[in-house]
Amino acid sequence: MRYVSTRGKTPPMDFGEAVLTGLAPDGGLLLPHSPPNFRSELPELQTLDYLEFSARFVSHFGLAREDANSLIRRAYASFDCEDVVRFESLGQLRLMELFHGPTLAFKDIALQFLGHVFEVLLARTGGVLNILGATSGDTGSAAIHAAKGRARTRIFMLYPRGRVSRLQERQMVSVDAENVSCLSVDGSFDDCQALVKTLFADLAFKEAHSLGAVNSVNWARILAQAVYYGYASLKIDASAGVVPVVPTGNFGNIFSGYLAMRMGFPISRLVLATNDNDILARFFATGVYKRGTVQHTESPSMDIQSASNLERFLYYLFGEDGERVTWFMKRFHEHGEARLEPAERDHLNDAIRGVRITSEAMRAAIKTVYDQHGYVLDPHSAIGVAAAHSMASELGQATPVCMATAHPAKFPETIDQVIGEWPRHPRLDALVEGRGRVTEIPADLGVLKAHIESYPPLS
Ligand SMILES: *Cc1c(COP(=O)(O)O)cnc(C)c1O
């Protein structure tokens, strides 16, 4: 399997190169040159459990079948739920719980896979990797739990001091592993991200320290997520196809669903749900991609104003025309706005419909689902459920499947306010108080470099 860049100016790569590279050298994102079509295999795939299905699925993308089997088993051994994902019924709605991994958010599914893929690739090449990232919450803890204790790998995770929730901070700093370094930065999330970007742009430093990223543009993350869309479409009994409903931020999760649909799984369309940060809902309604200002909401993992993975969708929408993608993204970065041509606009909603959900509607969904079914949704998942309700009449006979992206105990305050109950999870209750393993640094590039250099070389 060869991988190509959405900007069309990078020579094709194999799976290992695509995963280790992350962002393509021409600034684009990587995609398989000709994705497989699973249609003829569906009856057989339908009989498999999640681990078998997953191994079969990923082995079509350039990962050897033997590697895939053992890697998938190891990646998901730490999950609470034997089949990795769990289905629930809420009346007409189906819910797919994706939060049974170590940090209780769906990001574990992709990051646990990526951690093991890195390990296999590095063992083969004899390479090492210093993962560097910035987090405003869920990604940091999921990445740390995926990298901890892994050979040939170290992880440095920056977060803004006092600006991530207490629970999220504890999930990071309580990890007791030599190869994990949490950096509490005296600054904002943007300061953290700027430090990381500057260091990645310092090619000499990047090379000398084998810096790598685990952000949501990494192909392995998209691939691991496409698995559960395919799986859900076969396990759920839906004669008119399923419609995944996806609470969306960076467009990574929903893009994986779109790929599964393109590859022949019985998905009739997808619903994209945003919170008040509605850049994507507006784009899918109007064809205009226009940045706004970030608003802080009760679903913080969706508080974004530019969605890195949208570029992959645009590549297909533009008929795999890398120049058109390059032009569109350049326009967006320079002017904060880019628009589709009328002919492109005509196909924009063939697969994806967007909808913005207010905080009130999100809270109403938590309350209604709790009153009617005794089920507690987290605020992100509730945005999806509210979206499914608001689109019900347009979905016809198709069966909506809402992605439940986090365990409610990760975001207890909102739930307590709405239903008067503080959701818990034993793993979060067990997080010990105390300082944990963390280094406090100023938002200063020299200090960050010195910190990284203070570690002995990996081997
Ligand atoms: C990251 C995250 C999202 C958004 O997913 P994207 O892939 O960025 O669209 C939604 N819900 C939760 C709980 C998350 O952690």
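Note that these values count all heavy atoms, side chains included, but never hydrogens, waters or copies made by symmetry. Along the sequence shown, residues are numbered consecutively beginning with 1. In listed order, ligands and their atoms are each counted from 1.
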Any salt bridge linking Glu394 with Arg353? Criterion: basic side-chain nitrogen under 4.0 Å from a carboxylate oxygen. yes
Pairs where residues 410-420 contributes a residue and the test salt bridge (Lys or Arg N to Asp or Glu O under 4.0 Å) is met, not counting sequence neighbours: Asp138-Lys410
Could you name the protein residues that come within less than 4.0 Å of ligand 1, counting only heavy atoms, and order them by chain and residue number? Phe106, Lys107, Asp138, Pro247, Thr248, Gly249, Asn250, Phe251, Gly252, Asn253, Ser301, Met302, His380, Thr405, Ala406
Any heavy-atom pair between the side chains of Phe328 and Glu344 that's under 4.5 Å? no
Salt bridge (Lys or Arg N to Asp or Glu O under 4.0 Å) partners of Asp49, counting only residues at least two apart: none
Is Arg56 salt-bridged to Glu52, cutoff N-O under 4.0 Å? no
Sequence neighbours excluded, which residues qualify as salt bridge (Lys or Arg N to Asp or Glu O under 4.0 Å) partners of Asp371? Lys367
